[in-house]
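Count residues from 1 along the sequence.
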Amino acid sequence: MDDTSAARQTAHAYVDLLERRDWSGLAALLTDDVVYEMPQTRERIRGKDAFLRFNTEYPGDWHLRPRRVIVDGRLAALWLDVRVGDEQQDACVWLELSEHWLISKIIDYWPEPYDPPPGREHLVQRW
């Protein structure tokens with residue numbers, strides 16, 4: 001498999017595993033020291049365990065569907081259709097992949113800044 005195909009497969013697997021709430025599958029796709037950043041809330045999560053906990057604790061009945069995936073080497077950009085109940089938003093996600101095609105960094109972009117919801121202070125750093 002060439003680099004583009006491997007990166008595209010990892011990006012699609014990331015969305016699919018999140019959508020299915022397959023936490024052990026998602027864990028296998030991440031480096032131990034993965035970094036997750038949300039620029040709009042200025043939050044950063046470090047490490048696989050904290051990132052998985054963030055997702056398992058995330059409220060609401062949310063759903064993800066990729067609209068477009070663009071890859072270049074070990075980088076992937078995803079345009080996502082995100083739904084929570086009847087509300088739809090677009091989001092963009094940037095993935096950086098390790099030499100073994102594991103996700104080492106995730107940057108999650110939302111359309112506009114917002115204050116983070118309470119209750120996740122134990123998982124994040126603010127900047």
Original post:
Is there a chain of hydrophobic side chains (I, L, V, M, F, W, Y, each step under 4.5 Å between heavy atoms) that links Val35 to Tyr58?
Top reply: no
**OP:** Mind listing the closest non-hydrogen atom pair of Leu123 and Ala50 along with its distance?
**Re:** CD2-O, 4.0 Å
Original post:
Val93: what forms a side chain to side chain contact (heavy atoms under 4.5 Å, CB included) with it, not counting sequence neighbours?
Top reply: Tyr14, Leu78, Leu80, Leu95, Ile106, Asp108
**OP:** Please list, chain by chain and in numerical order, all residues satisfying side chain to side chain contact (heavy atoms under 4.5 Å, CB included) with Val84, sequence neighbours excluded.
**Re:** Trp62
**OP:** Only counting residues at least two apart or in another chain, list the ones meeting side chain to side chain contact (heavy atoms under 4.5 Å, CB included) with Asp22.
**Re:** Leu17, Arg20, Ser24
Original post:
Donor-acceptor pair, Thr10 side chain versus Trp101 backbone, under 3.5 Å?
Top reply: yes
Subject >> Spatial distance of atom CG (Leu29) from atom CG (Leu102) [nearest 0.5 Å] >> reply: 6.5 Å
Original post:
When clusters are formed from ILVMFWY side-chain contacts under 4.5 Å, directly or step by step, what else is grouped with Trp94?
Top reply: Leu75, Ile107, Tyr109
**OP:** Quick one: pull up CD in Gln9 and CG in Asp16 and give me the separation to the nearest 0.5 Å.
**Re:** 11.0 Å
Original post:
Does any donor atom in the side chain of Asp90 or Gln88 lie under 3.5 Å from an acceptor atom in the other side chain?
Top reply: yes
**OP:** Could you list the residues that satisfy side-chain hydrogen bond (donor to acceptor under 3.5 Å, both in side chains) with Asp61, not counting sequence neighbours?
**Re:** His63
**OP:** With rounding to the nearest 0.5 Å, note down the distance linking CG in Leu97 to NZ in Lys105.
**Re:** 13.0 Å
Original post:
How about Val124 and Thr41: do any of their side-chain heavy atoms sit closer than 4.5 Å?
Top reply: no
Subject >> Interatomic spacing from OG1 in Thr31 to CD in Glu96 - rounded to 0.5 Å >> reply: 10.5 Å
Original post:
For the hydrophobic clusters of this structure (ILVMFWY residues joined by side-chain heavy atoms under 4.5 Å, transitively), does one cluster hold both Trp110 and Val15?
Top reply: yes
Original post:
Which heavy atom in Arg74 sits nearest to a heavy atom in Ser98, and how many Å separate them?
Top reply: CD-O, 3.1 Å
Subject >> Non-neighbouring partners of Arg44 that pass salt bridge (charged side-chain N to carboxylate O under 4.0 Å, His left out), sequence neighbours left out >> reply: Glu37
Subject >> Phe54 side, atom CZ; Met38 side, atom CE - distance, nearest 0.5 Å >> reply: 4.0 Å
Subject >> Interatomic spacing from CD in Glu19 to CZ in Arg65 - rounded to 0.5 Å >> reply: 10.5 Å
Original post:
Hey, are the side chains of Trp23 and Leu18 touching, using non-hydrogen atoms and a 4.5 Å cut-off?
Top reply: yes
Subject >> Closest approach of Pro66 to Val69 (non-hydrogen atoms, all atoms of both residues) >> reply: CB-CG2, 4.2 Å
